[in-house]
Amino acid sequence: MAAIGNMNLFDLFFVLQLLLSGVCVLVICYRYQRLKSMKKCSLGVVQWPIVGVLPAIVANMHRLLDGVTFLLATSQLNFQCRFWLAGFRFFVTCDPDNVRHIFTSNFDNYPKGDVFADMFDVLGGGIFNTDGERWRRQRNKAQMLMTTPRFRAFVARSSLDKVEKGLLPFLAHVADARKTCDLQDVFTRWSLDATCHLVFGVDPGCLDIGLPEVPFARAMDDVLRTIFLRHTMPVSFWKTMRWLGIGHEKRNAAARRTVESFVASAIAKHRADDESKSRQGGGGGGDKQSVADLLSSFLCDDEIAGSADADVYIRDMAMNLLVAGRDTTSSALSWFFYLLSTNPRVEQKLLQELAPIASRKPQLQQGRLFPGNGGMVTFDASEVRNLLYLHAALCEAMRLYPPVPLEHKAAVADDVLPSGHEVMAGDKVLVFYYSMGRMKRVWGKDCREFRPERWITEDGKLRYVPSNKFVAFNSGPRTCLGKEMALVQMKVTAAAMAWNFAVEVVPGHVVEPRLSVILHMKNGLLVRVKRREPVMNT
């Protein structure tokens, strides 16, 4: 009974903190609308005596992304949120001009900051969590290793291999058994296998037919949800919860132990395998010409291996790369196939683009365009890298559903943004990528439509869109180093899956974003998968 009582107290404490942290957003909205009308806030939120808009927060906390999007749309793409008593000072924006200023023009004034590092403590001192000279050294090192022809070839081979031996056989099994499956879970497993192979050189087999339990994946979801919740409350609140070990912070502590254990075990196994190969004269970790995966590259780098904090550096870098690769790619593919399955016109145009390449494949016999129950058709990186409509469709999906829905910065000094807003030193800046893709002022009246054609010029070329407007891969000096690698993985995977299988979302299944720093689906993506019916090539 005592445990139950404590749990209820902690849950109540957590809810109260969420209510208090969220009030500033709606209060700002209320004050903004009061200047235009003294009758009622345009959100339709009743301002109650004493409790104010707290009842509305309880009812709408689950749709925070869409709520912020509405506020930005009705406040010229920017609004400020200051709640001095709780030390809560935010500037929220999705203005491309402000993004260029914050991410590029005045980059040094807007580092991640110490608060960001605390929020994302699971990343340690890795590349996504650091600023200044330490960040520059890590980025230069990672860029040098990730842009070599050897590693790029490794990415291409690894991506195709995982599609051929993992994803397609699993989907064929589901289709033949006429079962439903959670496609988001499938992509998360596929992405974890693929990323582990790129980072550690091993395949954990998460996408085996039996769908084995993956404690790391479940723990990582808990960690990412905690990080998102930390964005919604004053720092002192969640730090107190972490210190006391209560609420979501208690669950996060256990999840972090699981995540860190997974990474430590993978690194230890990799080192043991390298030592074994070296003793056997097999050209293990010491052969710098034989390495391909990133961990091998780090372990064989004299500068890294000789540093005093080599073990911590390698652990943090591996964690950062694993989190980035596993979650962002699976999110992007999940939303892509959701949009593709609900937009048959786009699906048909994609298949038409793939048809000339597929028709040359040896798996297709007697002029049949689709393999039916025969061999699966796959596309290697060289075949899909320059496909215009496939690229446009993936970009369009990430415009509407960016894998990372928001970015967090901190102002070092007072500044005036292009929008005319003043930002004070110490203010936190939240850039909502999710909202930017839904702004008429940025993308036009059809901004909420899935229309890949917006990425294609009238003369049939890829339209240039600046990174401060399309921010799925970040912008400025922190532009994602893995952009090309991710696009190769997604194109190879999306092309093979779209060609071989038709995906249908189960009727009645609710698809909506989950509250997390990675834009996963709250209820997963429940689908039926069917083999494509063969069509004669005429």
Side-chain angles (χ1 to χ4, degrees), residues 21 24-25 68 78-84 86-95 98-139 142 223-224 226-243 249 252 256 312-313 316-317 319-320 323-324 402 404-419 421-434 468 471 473-481 516-518:
S21 65
C24 58
V25 174
V68 171
N78 308 275
F79 66 84
Q80 289 176 309
C81 177
R82 287 182 176 144
F83 195 43
W84 296 100
F88 211 54
R89 292 160 47 203
F90 279 101
F91 177 75
V92 184
T93 184
C94 66
D95 186 332
N98 285 345
V99 169
R100 181 189 295 112
H101 179 85
I102 294 167
F103 285 58
T104 305
S105 305
N106 203 11
F107 173 76
D108 289 334
N109 191 53
Y110 295 94
K112 297 278 188 174
D114 293 339
V115 172
F116 181 96
D118 283 341
M119 285 183 173
F120 289 79
D121 50 5
V122 70
L123 299 179
I127 188 171
F128 300 124
N129 224 16
T130 54
D131 293 305
E133 188 58 33
R134 180 181 176 87
W135 165 75
R136 290 184 175 86
R137 288 198 305 270
Q138 289 192 26
R139 183 176 175 87
V223 169
L224 294 177
T226 297
I227 292 172
F228 183 89
L229 291 174
R230 288 173 175 176
H231 282 79
T232 69
M233 62 181 67
V235 175
S236 59
F237 283 17
W238 64 258
K239 282 192 173 182
T240 300
M241 294 180 70
R242 184 174 65 180
W243 180 68
E249 292 291 344
N252 177 67
R256 275 196 62 183
V312 174
Y313 179 97
D316 290 347
M317 185 62 77
M319 177 73 79
N320 280 244
V323 171
V404 179
L406 76 160
E407 178 64 284
H408 182 155
K409 298 283 189 177
V412 174
D414 295 354
D415 193 17
V416 178
L417 300 176
S419 63
H421 291 84
E422 295 183 1
V423 176
M424 300 172 60
D427 281 1
K428 307 302 181 291
V429 178
L430 289 181
V431 181
F432 270 77
Y433 300 165
Y434 177 89
N468 64 301
V471 283
F473 293 101
N474 215 319
S475 183
R478 281 190 179 268
T479 296
C480 177
L481 284 174
S516 176
V517 290
I518 301 294

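For the numbers below, each heavy atom of this structure counts, side chains included, while hydrogens, waters and symmetry mates do not.
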Can you confirm whether [X] sits close enough to [Y] that some side-chain heavy atom of one is under 4.5 Å from a side-chain heavy atom of the other?
X	Y	result
Val431	Val471	no
Phe91	Leu430	no
Phe103	Asn468	no
Leu481	Ile127	yes
Leu417	Thr93	no

Distance in Å, Arg134 CZ paired with Arg139 CZ, rounded so as to fall on 0.5 Å steps
16.0 Å
His421 side, atom NE2; Asp415 side, atom CG - distance, nearest 0.5 Å
13.0 Å
Between [X] and [Y], is there a donor-acceptor pair closer than 3.5 Å when you use the side chain of the first and the backbone of the second?
X	Y	value
Gln80	Glu422	yes
Asn129	Phe120	yes
Asp427	Ala411	no
Asp414	Ala425	yes
Asn474	Cys480	no
Thr479	Gly476	yes

Determine, step by step, whether Asp108 and Val412 satisfy the side chain to side chain contact (heavy atoms under 4.5 Å, CB included) criterion, reporting the C-alpha distance in whole Å, the side-chain angles of both residues, the deciding distance to 0.1 Å, and the verdict.
CA-CA 8 Å; Asp108 289 334; Val412 174; over 6 Å; no
Passes side chain to side chain contact (heavy atoms under 4.5 Å, CB included), Ser105 versus Arg100? Steps please.
CA-CA 6 Å; Ser105 305; Arg100 181 189 295 112; 4.1 Å; yes
Apply side chain to side chain contact (heavy atoms under 4.5 Å, CB included) to residues Glu407 and Arg478 and explain how you reach the verdict.
CA-CA 11 Å; Glu407 178 64 284; Arg478 281 190 179 268; 5.6 Å; no
Heavy atoms only: give me the nearest [X]-[Y] pair and the separation to one decimal.
X	Y	value
His101	Tyr110	CD2-CE1, 4.3 Å
Ser475	Thr104	OG-OG1, 4.3 Å
Leu224	Ser516	CB-OG, 3.5 Å
Phe128	Lys112	O-CE, 3.6 Å

So Leu406 and Phe228, side chain to side chain contact (heavy atoms under 4.5 Å, CB included) or not? Walk me through it.
CA-CA 10 Å; Leu406 76 160; Phe228 183 89; 4.2 Å; yes
Does any donor atom in the side chain of Ser419 or Asn98 lie under 3.5 Å from an acceptor atom in the other side chain?
yes
Of Val235, Val92, Val115, which meets side chain to side chain contact (heavy atoms under 4.5 Å, CB included) against Lys428?
Val115
Would you call Lys409 and Asp131 a salt bridge, taking side-chain N to carboxylate O under 4.0 Å as the test?
no
Aromatic contact, Phe116 with Trp135 (centres under 6.0 Å):
no
Of all pairs that satisfy salt bridge (Lys or Arg N to Asp or Glu O under 4.0 Å), the ones with a partner from residues 116-130, not counting sequence neighbours:
Asp118-Lys239, Asp121-Arg230, Asp121-Arg242, Asp121-Arg256
